[in-house]
Amino acid sequence: MKIVTYNVNGIKARIDRLVEYLTEADADIVCLQELKASDETFPLPAIEAAGYGAVWHGQKAWNGVAVLARGKTPVERLRGLPGEPEDEQSRYLECEVDGLVVASLYLPNGNPRPGPKFDYKLRWMERLRARADALLAEEVPAVLAGDYNVIANDDDTFSVRAMQDDALMQPESRAAYRRLLASGWTDSLRTRHPTGGVWTFWDYQAGAWARDAGFRIDHLLLSPPAADRLVDAGVDKEFRGREKASDHAPTWVSLR
DNA sequence: ATGGCTTAGTTCCTAAGA
């Protein structure tokens, strides 16, 4: 089965591209981020017409995550990360599909740094770690899929120098990501491409796509029972080059 | 990135993204 994470950067602006992807990509489960749409304006009819059911957690203008499944509606498990009740940003949605736990997450960007946005990012990562620990304790096959906004290694970016002051690759951001891996989660794309140089994001600005100046921030982390079933992982890079593309490319893992 | 796109919304500017 093919599981995808795709930051669409506005689902209303991207709906034609998303339907095209659903039609062509042969995906079983698709986790979406940055819907930039309220619950009421989520384009369910177009997604259903493409053969997918959906659960979504929207928000006006910003954020927003969804889980899509081919031929069925995912069963919701958790909406929002526990630990900060006053947090109203829609960034986490956990579902079950055919015995597999799948979470779509949109980790805070954290810029500018230092500042409250970076502090929020680190707190959010700590909350994610607590939830990830709870999933490990369940000993279920689980996939934490999303836009992590973390460049985990120097070879995960076209230029360390260009990004070194960015919140995406600060030592604190990397350490929090590394703690997830150390607790037992497998970075599926990294496992299949251990020497880096694989990008999932290319900025709209400064000709980044044309000169292949990207970085890897969209990750699919696997619990041990899911990692046992890992077959392959990759990026559907071609979709980044299409008209009206998101600045992220769909990133996937296939499991037995 | 000396910020040169793109999206959304209290829309003809501002905020946010990464």
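Below, chain A is the first sequence line, B the second, and so on; all start at residue 1.
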Gap in Å between the two [atom1] atoms, one belonging to [N] and one to [M], rounded:
{"N": "B:dG9", "M": "B:dG4", "atom1": "C1'", "result": "24 Å"}
{"N": "B:dA16", "M": "B:dT11", "atom1": "C1'", "result": "16 Å"}
{"N": "B:dT7", "M": "B:dT2", "atom1": "C1'", "result": "25 Å"}

Subject >> Touch class at under 4.0 angstrom, heavy-atom based, for A:Lys121 against every strand present >> reply: nothing
Original post:
Once you round it to whole Å, what is the distance between C1' of B:dT2 and CG of A:Asp165?
Top reply: 14 Å
**OP:** Could you state the atom-to-atom distance from CD of A:Gln33 to P of B:dT7 in whole Å?
**Re:**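 These atoms are roughly 17 Å apart.
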Original post:
Could you run down nucleotides 8-18 of chain B 5' to 3' and tag each one B, S or - for protein heavy-atom contact under 4.0 Å?
Top reply: SSS-----SSB
Original post:
Start at the 5' end of DNA chain B and walk down; is the nucleotide closest to A:Lys244 or to A:Phe158 reached first?
Top reply: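 It is A:Phe158, whose closest nucleotide lies nearer the 5' terminus.
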Subject >> Counterpart residues, salt bridge (charged side-chain N to carboxylate O under 4.0 Å, His left out), relative to A:Arg216 (two or more places apart) >> reply: A:Asp156, A:Asp187
Subject >> Residue list, salt bridge (charged side-chain N to carboxylate O under 4.0 Å, His left out) with A:Arg113, at least two apart or on another chain >> reply: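 Partners of A:Arg113 under the salt bridge (charged side-chain N to carboxylate O under 4.0 Å, His left out) test: none.
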Original post:
Taking atom types as modelled and ignoring hydrogens, do the side chains of A:Ser38 and A:Gln59 form a donor-acceptor contact shorter than 3.5 angstrom?
Top reply: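 Absent: no donor and acceptor within the cut-off.
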**OP:** Using the test side-chain hydrogen bond (donor to acceptor under 3.5 Å, both in side chains), find all partners of A:Tyr52 that sit at least two apart in sequence or belong to another chain.
**Re:** none
Subject >> Partner set under side-chain hydrogen bond (donor to acceptor under 3.5 Å, both in side chains) for A:Thr157, not counting sequence neighbours >> reply: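 A:Thr157 satisfies side-chain hydrogen bond (donor to acceptor under 3.5 Å, both in side chains) with no other residue.
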**OP:** Would you please name every residue forming a side chain to side chain contact (heavy atoms under 4.5 Å, CB included) with A:Asn109, sequence neighbours left out?
**Re:**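 A:Asn109: side chain to side chain contact (heavy atoms under 4.5 Å, CB included) contacts with A:Asn111, A:Asn149, A:Leu168.
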